[in-house]
Amino acid sequence: MTDNIFRINQVGYAVSLPKRAAVLREGTVTVSDEAGRVIRRIDTGALLFDECTGDMAADVDLGDLLAGRYTLELDGVRRDITVSERPYSALVRALIKGLYYQRCGTELKPEHAGAWTHPACHTAPARLYTDPDVLMDVRGGWHDAGDYGKYVGPGAVTAGHLLYAYLLFPEASLNGLNIPESGNGVPDILNEARYELEWMLKMQREDGAVYHKLTTKRFAAFVMPEEDRDTEYVMPAGQCAAAAFSGCMALASRVWKRYDTGFSARMLDAAIRARDWLERNPELIPWKNPDDVHTGGYGDDCVNDELFWADCELYAATGDERYAAGLEARAGQIDIAQMGWRDVGGLGAMCCFFELDGELDPDLLNKLRERFLRAADRAADTAGRSVYGTALGSREYIWGSNLTVMSRAMLFICAWKLTDDRKYLNQAAGQLDYLLGLNALDISFVTGFGTDPFMHPHHRPSAADGIDDPVPGLVSGGPNNRYTYGITKEKLPPDIPPARSYLDETPSADTNEIAIYWNSPAVFVAACLDTL
């Protein structure tokens, strides 16, 4: 973090998108080109108070700029920015490859992982929690976050984000990741998603139910993954996990039809069996950790949104009218603008808008569209009240606030695709600006990207590998002033504004953990903006 008065997108701006900076001093900003010629003078106007940050600042539109390097200056303080045709190509690839570094059960070799290599981890058979004498081969998948647990619901949503990025923006930089599968004729974004999908299939019971998660009973110490040798347990099945699994597998089955018909059929069968199990077990039993288990709970007391997503994707995959009836019955009961692991209604809405348009009742589709756009407009209003253009209210800086920021950006992108109104696209770009440094902290929330990226994620491999730089391409959870640890509160002033409630320190899981489902919406957003 610096004392610079300029807050910018530290990775760079796209020629075709707005170029904004927040300026923390009143006056005239000069914009100079690489030759030192002043090409523009911009009056900041009176500074405005920003509730979420406590800052007095101005939101400055830098205007149209051609590709090149420019210098912003005010009262002798300078800040360089870059503008290019496709500034996010490397970012897209790194965000996807960040998931490769989370792979479990396999060696990360130097030719693919560079300095961040390690032997295969968690290869021993796991025990079924309800019958520990039963051993199961459930190797594979991604470590969920800064710990070594693996969870079906978050994995399904992460894969879902990647698959929709591929479906909607296939011309983005989704290849060339240098992962073991590169060059096999399948886009690398799908190769990486398949690594998780194969593990998820192992988490399904014979009767169609889906186990909730695979973890040890307690989080590992801060050791490398291969040094975590505690017994892993396949935890009991859960309905939200089964429904999210069903939606993700039905979606993936459509994607893989052109690449691997056998894998496609296997996933569709798994999706249908999970949905059938849910039909036979309609009464929701909210999942919670057994008393002796203290890893991530990922509890959820509502399954309607997961069922909505599942029925949308199954209808798109099969054309079976029973799924159409299911999605129609639930469409009015859920928030269709949410894209996170707990509330997945937005993924079902995406299926309706971009896969089932023409298949659904027009009145139902119009109502969904109106509700979706109203949500986008509310988020845009929130962004408009922020000097930094951030679509977060003061009470929305929670654990994983960057998930909310990127989910709102996904909302804006879908609204743009539905209306062709550039105001939504510009709002989406503003959220990526925030992630990449246009924020009160003057920090890029993506490891390895920007002039001042965060350096100390709550991430066991990054802390234990003896390498100064963290694993690249990982997204921080971001500021959090609602569900904070005592260790975080002790180091921050008690009256700190919510958008500044952040520590770039490894112990600060509540503000600086990483998670696969924080990377994946950022993949979707950066992929969209990479195509422009």
Side-chain angles (χ1 to χ4, degrees), residues 151-161 163-164 197 200-201 203-205 207-213 236-254 267-288 297-356 359-361 364-365 367-368 371-372 375 407 414 517:
Y151 307 82
V152 168
V157 169
T158 302
H161 291 155
L163 296 177
Y164 272 113
L197 294 167
M200 287 170 59
L201 288 167
M203 294 290 284
Q204 186 172 38
R205 278 191 338 213
D207 64 353
V210 177
Y211 297 111
H212 186 81
K213 65 176 183 175
Q239 288 166 311
C240 290
F245 171 98
S246 181
C248 178
M249 288 296 165
L251 166 60
S253 74
R254 299 201 312 276
M267 289 189 289
L268 182 57
D269 175 70
I272 292 171
R273 290 193 297 113
R275 187 65 184 86
D276 287 347
W277 178 82
L278 287 158
E279 195 68 25
R280 297 193 302 271
N281 296 269
E283 183 179 351
L284 174 65
I285 302 173
W287 202 93
K288 64 178 183 178
Y298 286 107
D300 191 346
D301 58 5
C302 178
V303 73
N304 278 336
D305 52 311
E306 286 88 359
L307 287 170
F308 175 69
W309 182 30
D311 285 340
C312 291
E313 301 292 358
L314 282 164
Y315 185 45
T318 67
D320 190 327
E321 290 298 327
R322 63 175 168 153
Y323 302 125
L327 76 88
E328 289 169 3
R330 292 183 178 84
Q333 304 172 7
I334 61 169
D335 186 340
I336 61 164
Q338 298 298 320
M339 313 281 187
W341 69 264
R342 184 191 293 271
D343 297 306
V344 303
L347 291 168
M350 290 171 66
C351 183
C352 291
F353 298 144
F354 306 123
E355 298 291 325
L356 293 172
E359 303 295 326
L360 295 177
D361 175 73
L364 171 68
L365 201 59
K367 288 179 179 178
L368 288 174
R371 288 168 55 200
F372 196 85
S407 295
C414 293
Y517 49 89

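- You'll find the side chain of Tyr211 stays beyond 4.5 Å of the side chain of Gln204, heavy atoms only.
- Put simply, CG on Leu365 and NZ on Lys367 are 12.0 Å apart, with the number rounded to the nearest 0.5 Å.
- Ion pairing between Arg322 and Asp276 holds under the 4.0 Å rule for side-chain N and carboxylate O.
- Of all heavy-atom pairs between Cys312 and Cys351, the closest is O-SG, 3.4 Å.
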Dump the intermediate steps for side chain to side chain contact (heavy atoms under 4.5 Å, CB included) on Leu268 and Met249, then the final yes or no. CA-CA 6 Å; Leu268 182 57; Met249 288 296 165; over 6 Å; no

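- Under a 4.0 Å N-O distance rule, the pair Arg273/Asp269 qualifies as a salt bridge.
- No close placement of the Trp287 and Tyr298 rings is indicated, their centers lying 6.0 Å or farther apart.
- In this structure, CG in Leu368 is found 10.0 Å from CG in Asp361, a value given to the nearest 0.5 Å.
- Taking 4.5 Å as the limit, some side-chain heavy atom of Gln333 sits within range of a side-chain heavy atom of Arg330.
- No side-chain heavy atom of Asp300 sits under 4.5 Å from any side-chain heavy atom of Gln239.
- The side-chain heavy atoms of Arg254 and Glu313, taken from C-beta on, include a pair separated by under 4.5 Å.
- Contact of the Phe308 side chain with the Glu328 side chain is not registered, since no non-hydrogen atoms from C-beta on lie closer than 4.5 Å.
- A heavy-atom distance below 4.5 Å is found between the side chains of Leu314 and Arg275.
- Summarising the geometry, atom CD1 belonging to Ile334 is positioned 9.0 Å from atom CG belonging to Asp343; distances are rounded to the nearest 0.5 Å.
- Ala271 and Ala250 make their closest contact through CB-N, 3.7 Å (heavy atoms, listed as atom of the first residue, atom of the second, distance).
- Note that the SG atom of Cys240 and the CZ atom of Arg342 stand 9.0 Å from one another [nearest 0.5 Å].
- Taking every heavy atom of both residues into account, Cys414 and Met350 meet most closely at SG-CG, 3.8 Å.
- Checking Leu251, Ile272, Leu201 one by one against Met267, the side chain to side chain contact (heavy atoms under 4.5 Å, CB included) holds for a single residue, Leu201.
- Taking CD1 of Ile336 as the start and CG of Leu347 as the end, the distance is 12.0 Å to the nearest 0.5 Å.
- Between Val303 and Ala243, the shortest heavy-atom distance links the atoms CG2-CB, 4.1 Å.
- Residues Tyr315 and Leu327 are in side-chain contact: their nearest non-hydrogen atoms beyond the backbone lie under 4.5 Å apart.
- Closest of all the heavy-atom pairs between Gly332 and Arg371 is CA-NH1, 3.7 Å.
- Contact annotation: the side chain of Asp335 never approaches that of Asp305 to less than 4.5 Å [non-hydrogen atoms, C-beta and beyond].
- Two rings, from Phe372 and Phe353, have their centers less than 6.0 Å apart.
- Atom-to-atom distance recorded for Tyr517:OH and Thr158:OG1 is 8.0 Å, nearest 0.5 angstrom.
- For the pair Gly155 and Met200, the tightest heavy-atom approach, listed with the atom from each and the gap, is C-SD, 4.1 Å.
- Scored by the side chain to side chain donor-acceptor pair (under 3.5 Å) test, His212 finds no partners at all (sequence neighbours excluded).
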